[in-house]
Structures are given as structure tokens and as C-alpha cells.
Amino acid sequence: MSCGPLPGEAAAPLRRLSGNRAVIEGVVVHEGELARGAYVRLLDPDGEFVAEVQTDWAGRFRFYTVGGGWTLRTLAPGASSTDVAVSVGAGEVVPVEVELG
Amino acid sequence: MTTRDEVLVDADWVQAHLDDPSVVLVEVDEDVSAYDTGHIAGAVRIDWTDDLQDPVRRDLLTKTQFEALLSRKGISNGDTVVLYGGNNNWFAAYAYWYFKLYGHSDVRLLDGGRKRWELDSRELTADVVQREPTRYVASEPDVSIRAFRDDVVAAIGSQNLVDVRSPDEFAGRLLAPAHLPQEQSQRPGHVPTAINVPWSKAANDDGTFKTDDELRDLYGAAGLDSDRDTVAYCRIGERSAHTWFVLHELLGHDNVKNYDGSWTEYGSLVGVPIQLGAEPGTPEGGGSLEETS
């Protein structure tokens, strides 16, 4: 019963992707280190909030979504807000490295 | 009418009141691991799943259950309760609404919740917090801020209905937020004549609330008639508690109710009208996904 990240979701085995489902996952890096506890938002093509997760102890995040164009907006302590555009096709798993400024 | 300062505090205020015995910090989460890994010093935990729902029926706690919960947590009637949590304060806002429902006089939200606190690199601790149990006495529930399904049906076409889910959930393309499999209603769509103002439009990226002027512009542009009563709903009532807080507590609208049954109840009812598509629609409901996709 959650609208937030499942504990350990980014490290769990990938669930099977059916239909138009797709995955965007990756790590957040800040000053050369994996950033734990960074807030990663998934925004749709209109800039609308879809989901938000926090990176785990290894800086990882994962979104189950659908194929299309998305933006990842990342906030972390001591870093400026960073946007990364991501395109993912149906059934694909796209890895992303978010480098914070 | 309340003012922003009476219902919302910032991180500096909390920092300055960490040792104030009249202030009780309460972290409200749905992710049970968050509090254990770190919380603001002195904060007690209220778990959304285990503490704020009747263990058998789908319902809020009764007055007696709520009194037992707050007594167990060491909260007194005269305390200033400051709520905060993850998920951009969704569950903290839900708890705020709950505390108001049962008549707690001084309850506030930490603007931005855990997120703003963490982004400021403020201290979190894993220390165990123990407070002496109290004998909390709640008021009878104030149902003027809680909508039931019949209230929602009666509001179609006559009151403001504010659906705060994402546009895809509103239109009926999704039954739950896209990224997670969750509990779902039997049917997709929205309550006919509802406007769609996703909760996220009321908050900044760091989880703090937008200014009163920005909020007034947001709901005005979306077609909310401030002279009418309002029912806010989402899927399970927590995102809409966030919007209830904005409309009732920050903007001071009268007669705003949160529908905690929300779409998981409404979308499973037999015989009520449902509207598909991006438009509010007509009281009879109908529409289709094809018109808008």
C-alpha cells in the first residue's frame, strides 16, 4: 500500500515486463562518490510528477514505468538540482548514471 | 481562520524547539524502515499502516483507538504536535487531518518533511525515543472534514470535486501510480465533474508548499469555485490529505472534506457514475479513453 519506494527495490530482481512496461534504473554520483539518499523524480513529457524514489546505500534507484520520453530530476544535499532526459522503449531496461553538479 | 504560521513550521523552527518539552515531533511514514535508519532527535513514530488503520475493518481508528494510540506514544492534549515524514509529507498530512478530526488543538506540519530536513544535511539519529504514556482524551470525530461515499455522489455536479491523482489515473489509463503494482479499484476513471489538480502542483521540488499566492492561482486556474464546498480525493486518501491541508489550512477555504475511501472505494462501487478521459465530464459520466489519448 505505497506510493513510494519499496525498501530494497533498486537491488531486487527485475520483475517481468509485460506490454508497454519498461524500466529506468541507475546510480546517482556526486563528487565521484555514489550518492546515498538522493531524491530522484520521474517526470513525464509535460514535466508532471510521476514518481519519486530515494537512492539506496549504493546510490541505486529504479523506476517501473512505460516506454516513452522521461526526465529524471535529482536533488541531494550539497548538490544542485540536476535534470537528465531519458528515452526508453517498451520492454527495455535503460541504465542511467546521474552526475550531480 | 488559521494562518500559515499556525499550521506550518520550517526546519529552523523545529531545530530551535528540539528541547522544548511542549513540542512533540512525530514522524509518520509508510516505509517502516525510514524511522529506524534515522529520525529527528526526540521524534516518535506513527506507522501509517499499523497505527492509523483499524486492524480489521477498512476504516479510521475509533475515538477510543485513537486515544490509546496517542496515550501509548506519550502525546498529551496540550502538546504542540509537529508532524513530518517521507513521500513529500503525504502521510504526515494524512496524520494531520486525523489529529484535526479528533480535535487536537495544536498540530503543525514541518514544511518539506524529511526531505527538506535531509537536503539541509540536518542531523538524524537512530536513538530510541521513549516518552511516558499519557491519558489522551480525543473529541468526537469532526465529520465536517471527512467525506463518505454518499457525500461524494451527492457532490457530483454541485460541489468542487478535486481529484489529486496523476493525469493518467484521472483519465482512467492507469489504476495506480505507474511505477508500482498496488491495490486497485475495480474500474478506472474519475468521479464525474471532478477537476484534476495533481497534489504535486501544490509543492515545490523539495517538498515544501508553494506560496499562498501560487496556490490560489493554481486552484483558481483549474476552475475551483471558492464559494462552493469541496471534496478532495485520490486513491487511498493520503495524497488528498495533502491537498486538503492546502485548501483548508493554508488557503482557509471553508467546508473542505477529505474522502479517505477515495478511488479504491468509489471505483469499486456498484451503480455509481464514472467518467473516463481528461475532461471533468457530465454528472451522468461516460466518455472514453480514445477521445483523449
Side-chain angles (χ1 to χ4, degrees), chain A residues 1-10 12 15-25 30 35-57 61-68 70-83 88 100, chain B residues 29-34 36-38 48-50 52-53 58 85-88 90-91 112-122 124 164-170 173-174 176-184 196 198-207 234-239 242 264:
Chain A
M1 221 161 176
S2 170
C3 295
L6 293 176
E9 178 65 53
R15 295 199 290 268
R16 198 171 67 81
L17 301 177
S18 57
N20 192 28
R21 305 286 288 186
V23 167
I24 298 169
E25 63 177 12
H30 185 216
R36 171 187 185 163
Y39 286 88
V40 187
R41 270 186 179 203
L42 184 69
L43 306 177
D44 74 10
D46 298 324
E48 196 70 58
F49 174 97
V50 176
E52 182 175 87
V53 297
Q54 260 190 300
T55 54
D56 68 9
W57 60 273
F61 65 88
R62 177 183 289 164
F63 292 106
Y64 285 90
T65 180
V66 294
W70 303 92
T71 297
L72 299 177
R73 177 167 295 166
T74 306
L75 294 178
S80 35
S81 176
T82 302
D83 284 2
V88 57
L100 295 175
Chain B
D29 283 320
E30 198 256 354
D31 169 6
V32 291
S33 66
D36 291 334
T37 51
W48 183 77
T49 308
D50 291 340
L52 290 180
Q53 301 182 58
R58 182 181 175 193
N87 289 83
N88 294 282
W90 290 349
F91 296 96
R114 252 191 101 98
K115 185 182 192 176
R116 185 64 259 168
W117 189 269
E118 290 180 14
L119 290 173
D120 287 348
S121 298
R122 294 177 194 261
L124 295 171
V164 314
R165 298 174 300 162
S166 65
D168 279 344
E169 292 171 273
F170 179 82
R173 288 185 286 270
L174 286 176
H179 61 304
L180 286 174
Q182 288 149 32
E183 74 283 61
Q184 297 180 341
N196 183 209
W199 72 272
S200 54
K201 289 187 180 297
N204 299 305
D205 287 345
D206 66 358
C234 60
R235 190 173 52 95
I236 52 175
E238 88 299 28
R239 283 176 286 178
H242 186 275
T264 49

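Order of the sequence lines fixes the chain letters, A, B, ..., with proteins taken first and strands second; residue numbering starts at 1 for each chain. These figures come from a predicted structure and were not determined experimentally. The analysis underlying the following values was restricted to heavy atoms, covering all of them including side chains, and did not include hydrogens, waters or symmetry mates.
Once rounded to the nearest 0.5 Å, the distance linking CD of A/Glu52 with OG of B/Ser200 reads 10.0 Å. Rounding to the nearest 0.5 Å places OG1 of B/Thr37 at 7.0 Å from CZ of A/Arg36.
When all heavy atoms are compared, the tightest approach of A/Gly37 to B/Glu118 is O-OE1, 4.2 Å. For the pair B/Asp205 and A/Leu75, the tightest heavy-atom approach, listed with the atom from each and the gap, is O-CD1, 3.4 Å. The nearest pair of heavy atoms linking B/Lys115 to A/Tyr39 is CA-OH, 3.3 Å.
Every residue meeting the salt bridge (Lys or Arg N to Asp or Glu O under 4.0 Å) condition with B/Asp120, not counting sequence neighbours, appears here in chain and number order: B/Arg116, B/Arg122. Residues that satisfy the salt bridge (Lys or Arg N to Asp or Glu O under 4.0 Å) test with A/Asp44, not counting sequence neighbours, are absent from this structure.
Looking only at side-chain heavy atoms (C-beta outward), A/Val66 and B/Arg173 stay at 4.5 Å or farther from each other.
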